[in-house]
Amino acid sequence: MRYRTLGKTGFSVSEVSFGAWAIGGSWGDVRDDDSLAALHKAVDCGVNFIDTADVYGMGRSERLVAQLRRESKETIVVATKAGRRLPSQTVEGYSRENLSGWIEDSLRNLGTDCLDLVQLHCPPTALYYRPEVFGYLDDLATVGKIRHYGVSVERVEEALKAIEFPNVKTVQIIFNCFRLRPAELFFERARKRQVGILARVPLASGLLTGKFDKTSRFVKDDHRQFNRHGEAFDMGETFSGVDYEVALDAVEEIRKLVPQGMTMAQFALRWILMFDAVTCAIPGGKTAAQIMDNCGASELPELSEATMKRVAAIYAEKIAPLVHQRW
Ligand SMILES: NC(=O)c1ccc[n+]([C@@H]2O[C@H](COP(=O)([O-])OP(=O)(O)OC[C@H]3O[C@@H](n4cnc5c(N)ncnc54)[C@H](OP(=O)(O)O)[C@@H]3O)[C@@H](O)[C@H]2O)c1
């Protein structure tokens with residue numbers, strides 16, 4: 001496993017880290033013992049950074065991460081998120097009182113007295129024009145409840161605005177072979193300001209592992225079934241917002257590029273790691289086998305320039321017309 005510096009936090013984190021949404025909920029039936037095996041395997045593979053949120057199973061994901069920390073000797077940096085417990089997303093909901101309450105709950109779930117990194121969890125765009133909210137986070141850092149804060153965003157423009165606030169140390173954004181726009185302008189700006197970047201949904205919710213086809217079915221409490229058209233939350237979070245059948249077609253084109261000895265999931269992650277501005281990819285994983293596969297991406301050689309160009313061409317031809325200007 002290779003490590004990269006997470007912006008100005010001072011943390012050195014595994015370039016393939018762990019996304020802990022699926023082990024909380026919204027991904028069908030996932031058993032806690034499988035999740036713990038996956039978490040332990042991640043640590044064995046050198047993962048030292050986990051992304052979770054208070055709403056992933058309403059504390060379930062955070063509590064599993066806390067259990068891992070108790071059972072492991074390694075130092076594990078944990079990023080959590082706050083804001084999605086609001087019944088509806090309003091800027092007013094990000095009040096000092098609400099933020100303090102959510103942080104207290106995460107502290108309890110994670111069994112700690114100070115959170116390593118708290119990210120605002122895809123708040124409305126208007127929040128980035130309300131500096132007082134960042135002031136509340138500064139105050140939580142001053143009193144020692146949080147070490148660092150950052151944001152998780154839906155749109156590139158939100159990311160660009162967020163990093164104008166000097167204490168926003170990280171930005172989490174969707175970036176994968178089906179979502180290239182963050183690399184156009186945002187990466188360069190983030191690098192200049194030494195802001196860490198967490199690449200989320202790196203496997204396009206599993207599509208980029210190449211395991212799905214037209215006959216694949218998802219259970220009703222899996223967001224790949226219930227949020228395919230944005231019924232519950234932003235549709236970009238499910239399959240990266242790409243129409244399922246269009247995506248399958250593009251996956252077949254990408255599959256032709258995967259070198260021998262590399263799985264398609266590893267290819268998708270290695271592609272992300274080719275961008276220096278990215279600190280880490282945070283693939284979700286439900287089993288130890290998936291985690292081993294994903295972590296293997298860090299050990300692989302660089303992809304060729306021709307391969308990178310071909311992925312960009314597949315994106316430009318098949319995917320960009322559907323998604324490029326949406327996020
Ligand atoms: N708003 C936000 O801030 C937000 C939103 C989304 C995600 N996130 C974060 O980003 C992380 C990653 O995104 P994601 O979990 O949505 O999507 P993802 O990483 O693109 O896909 C994860 C899913 O793909 C499948 N998978 C993973 N590795 C595999 C492998 N090697 N082989 C085959 N299948 C594999 C698993 O599901 P199956 O086995 O069921 O196919 C897994 O749950 C999340 O866990 C979360 O921490 C944050």
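Both ligands and their constituent atoms are indexed starting at 1 by order of listing. Starting from 1, each residue takes its place in the sequence as its number.
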Problem set entry | Proximal protein residues to ligand 1, non-hydrogen atoms under 4.0 angstrom |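 Near ligand 1, by chain and number: Gly19, Ala20, Trp21, Ala22, Trp27, Asp51, Tyr56, Lys81, His121, Cys122, Ser152, Gln172, Arg200, Val201, Pro202, Leu203, Ala204, Ser205, Gly206, Thr209, Lys211, Phe212, Arg224, Glu237, Ala265, Ile282, Pro283, Gly284, Lys286, Gln290, Asp293, Asn294.
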Exercise. Who passes side chain to side chain contact (heavy atoms under 4.5 Å, CB included) against Glu188, sequence neighbours left out?
Worked result: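 Listed in chain order: Lys192.
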For [X] and [Y], does a side-chain donor sit closer than 3.5 Å to a side-chain acceptor?
| X | Y | answer |
| --- | --- | --- |
| Ser12 | Arg4 | no |
| Thr279 | Glu15 | no |
| Glu184 | His324 | yes |

Exercise. Does any N or O in the side chain of Asn48 come within less than 3.5 Å of the main-chain N or O of Ile76, such that one atom is a donor and the other an acceptor?
Worked result: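 Checking the backbone N and O of Ile76 against the side chain of Asn48, no donor-acceptor pair under 3.5 Å is found.
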For this session: State whether Phe226 and Lys220 meet the cation-pi test: NZ (Lys) or CZ (Arg) under 6.0 Å from the six-membered ring centroid, and within 45° of the perpendicular axis.
Result: no
